[in-house]
Amino acid sequence: MLAPLSNEVIFKIAFTDREVLTCFVRDILGLDVILGNIETEKRFSPKIGNIDFAYDIFAETEDERFIIEIQNVEYDYHFDRFLHYHNMAISEQQKSSKDYKTNQVVYTIVIISSPYDGLDINGNPIKDEVLISSADPRNLMDKLVPIFGHKFILLNPHNRTDSMPANYRDWLDLIYESIYNQENYRVNLKNEGIRKAVQLIDYDRLSPLQIREMKEEEGRKVVLSMYDTRVKRAEAEKQKAEEEKQKAEQEKEEAIKKAEEDKSLLYKTMVNRLFARGQSFTEIAETTGLTLAEVESLLNSSSV
């Protein structure tokens with residue numbers, strides 16, 4: 001039985017393993033690398049920008065040519081957040097205003113471990129399993145010009161498609177099966193990285209400490225989910241109250257406008273009748289309480 005990779009503890013057990021991470025990088029990025037230090041909850045010091053963020057898994061190669069970040073997304077985060085994480089790892093390398101060069105290529109991989117359909121710039125749902133964004137520009141012939149090398153990759157195993165290269169499918173299946181088909185999972189055990197990951201997250205092989213930490217993480221997620229639900233409900237109620245307030249104000253404005261129109265129509269009718277009886281402007285003004293200018297305006301509007 002597999003423990004779920006949607007659990008942060010289990011996710012880090014699998015992907016901080018040097019063999020698993022090396023195979024994952026090879027399959028997803030097409031890179032054969034020798035990994036150096038592998039960190040979890042990586043933060044930069046001093047802090048970059050105004051947000052204190054942390055990478056779930058942060059690894060650098062021994063020759064310091066590559067930075068590989070992996071984010072395990074459990075909640076309803078938007079793509080701007082992913083882009084921020086990716087860009088900050090690039091910006092952190094630019095130490096001074098005299099040198100903007102980045103010596104390390106940054107690869108950010110985001111794994112969506114809970115069902116989530118983001119929206120594109122036009123508000124349409126994104127249903128792709130794999131999305132890849134490159135920092136490198138294209139010329140007018142649509143040819144990629146390799147200047148920076150930085151890439152952002154998003155993996156969403158919940159939006160399964162029929163045609164998917166095996167190097168992606170192996171890992172997408174592992175993530176999905178560990179969450180939804182834990183006992184009768186179907187994964188490619190011929191892939192050494194997948195095989196090692198399965199061994200690491202086999203529930204029966206987890207230590208008592210790992211199981212306790214996993215359950216504590218699940219409890220934390222439940223609490224956060226309950227809090228998130230309450231926040232969303234409060235926001236919905238606030239939005240509803242605001243809409244009702246705006247509706248009441250609009251109805252009030254419309255009622256005032258209608259009353260003014262009715263009043264204007266009434267005066268216009270009175271003025272026309274009195275004028276038809278041969279009364280002068282002055283007499284009409286005295287009878288209705290209107291000014292001479294108002295009487296003249298009403299009569300002019302009637303004749304248009």
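Nothing here was measured: the structure is a model prediction, and the numbers come from that model.
- I256 contributes atom CD1, which lies 8.0 Å from atom CD of E260 (distance to the nearest 0.5 angstrom).
- In this structure, R169 does not pair ionically with D27, as no charged nitrogen and carboxylate oxygen lie closer than 4.0 Å.
- The aromatic rings of H150 and F148 lie parallel to each other, their planes meeting at an angle below 30°, with 60° marking the opposite boundary.
- Residue R18 qualifies as enclosed at atom CZ: its count of foreign heavy atoms under 6.0 Å is above 12.
- Remark: the backbone N or O of M1 is not paired with any side-chain donor or acceptor of E183 at under 3.5 angstrom.
- Between E60 and K42 there is no salt bridge, since no side-chain nitrogen of the basic residue lies less than 4.0 Å from a carboxylate oxygen of the acidic one.
- Not a single salt bridge (charged side-chain N to carboxylate O under 4.0 Å, His left out) links K252 to another residue, sequence neighbours left out.
- Residues passing the side-chain hydrogen bond (donor to acceptor under 3.5 Å, both in side chains) test with S134: none are found, sequence neighbours excluded.
- In D162, the CG atom is not crowded: 12 or fewer heavy atoms of neighbouring residues, nucleotides or ligands sit closer than 6.0 Å.
- The minimum heavy-atom distance between M214 and Y203, with the atom names listed, is CE-CE1, 3.2 Å.
- Checking E243 against Q239 by side-chain atom types alone, a donor-acceptor pair falls below 3.5 Å.
- In this structure, a donor-acceptor pair under 3.5 Å is absent between the side chains of Q246 and Q250.
- Considering every non-hydrogen atom in both L292 and A285, the closest pair reads CD2-CB, 4.0 Å.
- Listed here is the closest heavy atom pair of A59 and L35: CB-CD2, 4.4 Å.
- The minimum heavy-atom distance linking T22 with V33 is given by the pair CG2-O, 3.8 Å.
- Between E19 and R195 there is no salt bridge, since none of the side-chain N atoms of the basic residue sits less than 4.0 Å from a carboxylate O of the acidic one.
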Exercise. Between K257 and E253, is a salt bridge (charged side-chain N to carboxylate O under 4.0 Å, His left out) present by the stated rule, with each step listed?
Worked result: CA-CA 6 Å; K257 182 179 179 181; E253 291 176 359; over 6 Å; no
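- The backbone N or O of S178 sits less than 3.5 Å from a side-chain atom of Q182, completing a donor-acceptor pair.
- Heavy atoms of other residues, nucleotides or ligands lying less than 6.0 angstrom from CZ of R138 number more than 12.
- Classification of the F24-W171 ring pair by plane angle, with boundaries at 30° and 60°, yields perpendicular.
- Under a hydrophobic-cluster definition in which Ile, Leu, Val, Met, Phe, Trp and Tyr are linked whenever side-chain heavy atoms come within less than 4.5 Å, directly or via other members, Y267 and L265 are assigned to different clusters.
- In terms of modelled atom types and a separation under 3.5 Å, the side chain of D202 and the main chain of D204 share a donor-acceptor contact.
- The pair R233-E237 does not count as a salt bridge, with every side-chain nitrogen at least 4.0 angstrom from each carboxylate oxygen.
- Here the options are E217, E218, E213, the test is side chain to side chain donor-acceptor pair (under 3.5 Å), and the partner is N7; only E218 passes.
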